[in-house]
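The chains referred to below are lettered A, B, ... by the order of the sequence lines, with proteins before strands, and numbering in each begins at 1.
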Amino acid sequence: SARAALLAGDPKTAARLGHAALVRALESGGYVHVDKSATNGDYARALGERPELREVFRAAAREVEQSEFGQRLPTAEKLTPLFSRIEPIVERLVTLLLALGMALSACACGSLEGGADGPGGTSVLRRLLEERGASFERRTRPLQDLGDDDVDTVILLPSATLDDAAWTALRGWTEDGGFLVMAGAHEGAPTAFGIKRQGTKPCGEHPVVALEGPLHGERLTSPLWPIDLDDAWIADAGCVEGSVIATREFGDGRLLLLSDPDFLTNASLAREPDARVFFTLVGAPSSVALVDRLIGAGAASPYRAVADSGLGPLLAHGLAWLVLWALATGTGFGTRRDPVAVPRRAFSEHVRAMGLLYARAGAARYALAAYSAWALDRLTTRLRAGEHGRVLDLGSAIARMTGRTEGTVARLLAEAVDARERPDVPGMRGNETEDLATLALLDDIVRQTGGYR
Amino acid sequence: MNLEELSEQIRRAEQEVSKVVLGQEETVRHLLVALLAGGHVLMEGVPGLGKTLLARTLSHVLGATFKRIQFTPDLMPSDVTGSHVYSQREEKFVFVPGPVFTQLLLADEINRAPAKTQAALLEAMQDRSVTSDGQARALPAPFFVLATQNPVESQGTYPLPEAQLDRFLLMIAIRHPSREAERRVVEQSLAGFNPSDLAAAHLTKVFTAEDLVAMQGALGEVKVHPEIVDYVVEIVTRTRQNRSVYLGASPRGSLGLVACARANAAVEGRNYVIPDDVKTFAPPVLRHRLVLHPDAELEGTTADQVVTSILGEVPVPKALG
């Protein structure tokens, strides 16, 4: 699609799509993680171990940024060689991932279908169709209701398992004018469709596009398995071994068959010119229904869902047993319990937590200030000294009572007063350890002069 | 001067500075971008990381006049700005310019001086002039202040108030060099390099002060897409809404971020700003403009962590995968 945009004369979109394809390929290869807040620089740094990838990525990012933020359009002369460097990287990473996915896949049909955004998903198909103005739904309601819905195109993926009734409904809908796209040959498809069998040998070389127009003569990107079809089909791309993309009229409607069951996956649609061929044939539908493994997963009502699942009798039995048991035992569904009382924390735990906060904040000076304010007031009241701010009097009283020297006590009280008055300025001795030592000494004096009561 | 010449000259300046100052390539780039954007820089780092050497080397390479002020608690405002002194010969008071009258000023340990002295310097930074005795005297152009502070010691310091930190365009946190870079530093010393004698390092003067003024004029050619502006404003706005932040960055932060992104784009040789330019400079532009809630600080949250988390939430403007 990037090359298509370039051919259509839209280099800005071409650069953007090329860059996007590269980023998605790098993501699927596990080299980068796409995030809305990540810049191109972040992606380039993530590619630090792979300079060859980083260099290509930087070139692509430069073109995109230049056009988006520098208002200078990239040129075909720069983009064409750049795309030639991007394509092998995208192919290699996507093929590697497909191979890994197929090896790990539990599906016997060999077809990948991962999450919508994974390489086997269909988010790219959806996005490209929506960009063309189509409304898109992943069909879960029965195909028998197709006639009532305003769907003009149905895309049938290989994982869809249809019963006879569903095939009949689909055939009728197509005959009435619908456009049915089938990825891969489906067992159970009506014989009237004229699909004989999947070829047993892959195309020996890349299939050639037979479609009239600018794509004529181009080669699809990977060798595909052709399908044997009857004469009503017109080959749009094929090889010597058979057709790989074909269309036919069917009643008032049309059929489009893609022999590759993975043709419509995200990984596949990143390749040129495969995606362009597909969208040339599909055109611009107005309403698309994607039919895959979810078909029939939905029901019109919960009761229908239970009936469809065949669990009705089992659930009825279970309900009956429950009623009988309830009648027999009369047990309530819950044992009554007293509400759990949230235990209160002890005051000492609060104090300890506060102390830890102070410690973490390195706020020894503030702790000393707060304690000094309380301790000085308590000592003044208790010893009835120093009431008028005469700290020396208080010091003398403390020295007499505790047996310490007046000088030591006076120095201690001076530090305490200084801390109380200027809690945000470093103390006389100027460090946390000394502040804490002062606090401990003050505490000692408080205990010796009557304690905390 | 066109952007190509600008880019070439800045890269040459980086190379020259890196001959002497090893292992600080990111810091050198940030300094040159701040210079180009016309802002001042606050460098925070422990002693011994080469902050003074970096400033002196930069002045050699830029061909700018250089002065250094060691901030101490007894430094007076007139020691920074200058004062009137009576001249016996002229028999009148003459103005003796202070060290602030220079093109590149290294204000070492700015947080050791009292608030009044800090204010004198910050006023000069803001107005690019000094008023003495009612007369305004213009400072030389360009005027670039490189202030340093030590994050380790808090005793006997006067932390810059948040309102004044905002005057600095960038706050660069200088880290220890890598093992390899430190090895080269030691080898350089063993080879006889003397940091006091930069002339022996044979540094080339890459451009002049006039060239720098021309470069600053050339920045007008660098386009800033409206989506980039939205990106910047969104980032800065979110700093005001973050629950860990008490006071977020002001519009001055948005202006600073755009200016640095523009200057970086020019250094990279582009005439347009890309989201990477913004993301690269968001931390140094915003880290000193955020005031965290005390409980966030107690939990160990830093301004850098807040900025990084915001950058991880804000969608980058389109044109990406």
Side-chain angles (χ1 to χ4, degrees), chain A residues 12-13 15-28 31-46 57-58 60-72 74 353-354 356-363 365-366 424-427 429-432 434-435, chain B residues 3 73 114 152-159 221-231 234-235 238 261-262 264-266 268-282 292-301 307-321:
Chain A
K12 186 172 178 177
T13 304
R16 188 167 55 82
L17 289 173
H19 174 270
L22 181 58
V23 170
R24 297 214 182 280
L26 291 171
E27 188 193 26
S28 57
Y31 293 106
V32 301
H33 170 65
V34 172
D35 186 85
K36 67 179 189 310
S37 68
T39 61
N40 282 323
D42 294 328
Y43 296 141
R45 278 183 285 276
F57 177 79
R58 276 196 168 140
R62 202 176 307 129
E63 293 303 321
V64 161
E65 284 170 351
Q66 194 171 270
S67 78
E68 291 283 351
F69 301 115
Q71 309 290 297
R72 195 163 75 214
M354 178 72 86
L356 279 173
L357 272 177
Y358 269 89
R360 254 189 282 149
R365 180 74 179 164
Y366 287 98
D424 53 349
V425 172
R429 292 191 244 182
N431 73 52
E432 202 171 304
E434 294 296 339
D435 287 337
Chain B
L3 288 179
V152 174
E153 288 158 15
S154 56
Q155 302 289 345
T157 63
Y158 300 86
E221 290 177 37
V222 178
K223 297 190 240 329
V224 184
H225 195 278
E227 286 194 13
I228 297 286
V229 175
D230 288 339
Y231 182 49
E234 182 63 25
I235 291 169
R238 288 203 188 199
R262 221 176 178 188
N264 193 59
E268 294 282 328
R270 280 182 272 108
N271 69 340
Y272 53 91
V273 175
I274 60 176
D276 269 303
D277 296 324
V278 175
K279 214 171 175 183
T280 302
F281 278 88
L292 301 183
H293 278 294
D295 47 1
E297 283 192 355
L298 282 174
E299 285 167 11
T301 305
V307 173
T308 303
S309 80
I310 289 172
L311 290 174
E313 290 162 5
V314 177
V316 171
K318 63 172 184 184
L320 298 182

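- Interface residue Asp42(A): backbone and side-chain heavy atoms are both found under 4.5 Å from chain B.
- Of the listed residues (Gln71(A), Arg72(A), Gln66(A)), the one with the most heavy-atom contacts under 4.5 Å to chain B is Gln66(A).
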Checklist entry - Is there a side chain to side chain contact (heavy atoms under 4.5 Å, CB included) between Arg62(A) and Ile274(B) once you walk through the steps? => result CA-CA 10 Å; Arg62(A) 202 176 307 129; Ile274(B) 60 176; over 6 Å; no
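- For Thr13(A), the side-chain hydrogen bond (donor to acceptor under 3.5 Å, both in side chains) partners at least two apart in sequence or on another chain are Asp10(A).
- Remark: the backbone N or O of Asp276(B) is not paired with any side-chain donor or acceptor of Thr39(A) at under 3.5 angstrom.
- If you measure heavy-atom distances from Val273(B) to chain A, the contacts under 4.5 Å come from the backbone alone.
- Ring pair Tyr43(A)/Phe57(A) is perpendicular by interplanar angle, where above 60° counts as perpendicular and below 30° as parallel.
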